[in-house]
Amino acid sequence: MDSNVTELENFWNILQTMDPVWSATVLLLPCVVVLTAGCFYLYSFIMGLLSKTSVRNKVVVLTDALSGLGKECAGVFHRGGARLILCGKNWEKLEELADELASASDPTVTFPSKLVLLDFGDMDSLPEVTSEILECYGCLDVLIFNSGMKVKAPAQSVSLEMDKLLMDNNYFGPATLAKGLLPSMISRRTGHLLLVSSIQGKLTVPFRSAYAASKHAVQAFFDCLRAEMEEYGISVSTINTTFISGSASSSNAGASRSIWSLLYTKKPLGVSPDEATTEIVKTLSSRRKEVVVAPSLPKVALYTRSFFPDLFFAVVAAGVKSAAVAENM
């Protein structure tokens, strides 16, 4: 006991002999560390509550549960007590995911996942898929469209077949599934449709003509649908991101460093699956109509496209020219 008192006295004497600025720093630093840690803990706690309260006991459909974002959402919603319907193109991988979720959770507070094969590239199968989804629980509360297909190529080199495949996966498929499941939501006068899309549904990037066209189409569809569903109490939300990486640690170190390339490089301007999932949880809770998840530069490009289109088009053209020069060097 005496030794502890002596140590405290020695520490206090040292502080008195130090410069006042340094003394204040020594005293405040632990407080700052504790306060920061407390803020992070509080944020994690609140997000955990949001994920549970926004989906507990609700039927949640994920159109692509096998992607990085899909798996992250599945884990968060499963732990939150949702009645999950996991969709994907590969039955074996869906079963593996369901087993992983079951083994990592308490079966007394979670529900076993339902599985449905879904391929938006096969439009003829969608009526059957719609029936299978409704047969799982007889209804649904949340429908999350998180699937998509990408192609990067000059417009003149993309075949008509590829154009159609992109439109099926990114527009016709989601729109058809939404129209097939909406009557169930309308009859109950409740529900939430959430589209995870690309910022290219709002502005265009060179060499992605077909992809951007499909994203513009699905963005317009959900914007119109939002107004139509208002009277039924059904929420329609869109989340536009620059890029969702395969994992939090993925990078694209070899990407072109032209000014325009910064708008579509995977990192540092992309978002990780856990960041995107956080935005989805927040949007489901707040029922925000539209969310843009992007750093400052893409947002500046978005506003520039709206208010200064000539400047935007000039920057786009300059980016294409600089990329062509770099390839020829």
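With Arg208 contributing its side chain and Ala155 its backbone, the two residues share no donor-acceptor pair below 3.5 Å. Using modelled atom types, one side-chain atom of Asn146 and one backbone atom of Asp64 make a donor-acceptor pair closer than 3.5 Å. Judged by distance alone, with hydrogens and angles left aside, the side-chain atoms of His216 form a donor-acceptor pair with the main-chain N or O of Ala212 at under 3.5 Å. In this structure, Glu279 contributes its side chain and Ala276 its backbone to no donor-acceptor pair below 3.5 Å. At least one donor-acceptor pair under 3.5 Å links the side chain of Ser67 to the backbone N or O of Gly70. A donor-acceptor distance shorter than 3.5 angstrom exists from the side chain of Ser125 to the backbone of Asp122, with no hydrogens or angles considered. Side-chain atoms of Asp141 do not come within 3.5 Å of backbone N or O of Lys58 as any donor-acceptor pair.
The CD1 atom of Ile199 sits 11.5 Å away from the OG1 atom of Thr204 when rounded to the nearest 0.5 Å. The CG atom of Asp119 sits 4.5 Å away from the NZ atom of Lys89 when rounded to the nearest 0.5 Å. From Thr130, atom OG1 reaches atom CG of Leu182 across 10.5 Å, with rounding to the nearest 0.5 Å. Taken to the nearest 0.5 Å, the CD atom of Gln219 stands 12.5 Å off from the CG atom of Asn170. Rounding to the nearest 0.5 angstrom, the gap separating the CG atom in Leu143 from the CG atom in Leu177 is 5.5 Å. Going from atom OG of Ser235 over to atom CG of Leu194 covers 10.0 Å, rounded to the nearest 0.5 Å.
No side-chain heavy atom of Ser197 sits less than 4.5 Å from a side-chain heavy atom of Thr238. Side-chain atoms of His78 and Ser105, non-hydrogen and from C-beta on, do get closer than 4.5 Å to each other. Counting heavy atoms from C-beta outward, Leu134 and Cys139 have side chains that stay 4.5 Å or more apart. Side-chain contact between Leu69 and Cys73: present, with at least one pair of heavy atoms (C-beta onward) separated by less than 4.5 Å. Considering only heavy atoms from C-beta on, Val55 comes within 4.5 Å of Leu284 through its side chain.
Side-chain contact of Ser272 with Glu275: a donor-acceptor pair under 3.5 Å is present, judged by distance alone. No hydrogens or angles considered: nothing links the side chains of Asn240 and Gln200 as a donor-acceptor pair under 3.5 Å.
Pairs of residues two or more places apart, or lying in two chains, that qualify as salt bridge (charged side-chain N to carboxylate O under 4.0 Å, His left out) and include a residue from residues 213-241 are Asp223-Arg226. Applying the side-chain hydrogen bond (donor to acceptor under 3.5 Å, both in side chains) definition to pairs two or more places apart or across chains, those involving residues 91-103 are Trp91-Glu95. Counting only residues at least two apart or in different chains, ring-ring contact (aromatic ring centres under 6.0 Å, His included) contacts with residues 274-297 are absent.
Closest approach of Phe120 and Leu126 over heavy atoms only: CD2-CD2, 4.0 Å. Contact between Leu166 and Met149 at its shortest, heavy atoms only, is CD2-O, 3.3 Å. For the pair Pro174 and Asn169, the tightest heavy-atom approach, listed with the atom from each and the gap, is CD-O, 3.4 Å. Contact record, Gly75 with Leu101: CA-CD2, 3.7 Å, taken as the closest heavy-atom pair. Nearest approach of Gly81 to Phe111, heavy atoms of both residues: O-CE1, 3.4 Å. Closest heavy-atom contact between Arg83 and Asn57: NE-O, 3.3 Å.
Ile144 is not connected to Met229 by any chain of hydrophobic side-chain contacts under 4.5 Å among Ile, Leu, Val, Met, Phe, Trp and Tyr, and they are in different clusters. One hydrophobic cluster, built from ILVMFWY side chains closer than 4.5 Å, cannot hold both Leu94 and Phe145; they sit in different ones. When hydrophobic clusters are built by joining Ile, Leu, Val, Met, Phe, Trp and Tyr residues whose side-chain heavy atoms come closer than 4.5 Å, directly or via intermediates, Phe77 is grouped together with Ile244. The hydrophobic cluster containing Val218 also contains Met123, counting ILVMFWY residues as joined when their side-chain heavy atoms lie under 4.5 angstrom apart, directly or transitively. Val61 and Phe221 fall within the same hydrophobic cluster, where Ile, Leu, Val, Met, Phe, Trp and Tyr residues are linked whenever their side-chain heavy atoms come under 4.5 Å apart, directly or through other members.
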message: Quick one, Leu193 with Met185, criterion side-chain contact (heavy atoms from CB on, under 4.5 Å). Give me CA distance, side-chain angles, the key distance, then yes/no.
response: CA-CA 10 Å; Leu193 284 77; Met185 290 185 172; 3.3 Å; yes
task: Apply the test side-chain contact (heavy atoms from CB on, under 4.5 Å) to residues Ile280 and Thr283: give CA-CA distance (whole Å), side-chain angles for both, the deciding distance (0.1 Å), then the verdict.
output: CA-CA 5 Å; Ile280 290 173; Thr283 303; 5.7 Å; no
- prompt: So Leu86 and Val116, side-chain contact (heavy atoms from CB on, under 4.5 Å) or not? Walk me through it.
  reply: CA-CA 6 Å; Leu86 305 178; Val116 175; over 6 Å; no
query: Where do Lys114 and Leu84 land on the side-chain contact (heavy atoms from CB on, under 4.5 Å) test, with the steps shown first?
result: CA-CA 6 Å; Lys114 306 285 188 178; Leu84 280 179; over 6 Å; no
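The local environment of CZ in Phe313 is crowded, with over 12 non-hydrogen atoms from other residues, nucleotides or ligands closer than 6.0 Å. Heavy atoms of other residues, nucleotides or ligands lying less than 6.0 angstrom from NZ of Lys202 number more than 12.
A cation-pi arrangement is not found for Lys152 relative to Tyr211, the charged atom failing to lie both closer than 6.0 Å to the ring centre and inside a 45° cone about the ring normal.
Put simply, the residue from Lys289, Arg288, Arg287, His192 that forms a side-chain hydrogen bond (donor to acceptor under 3.5 Å, both in side chains) with Ser237 is His192.
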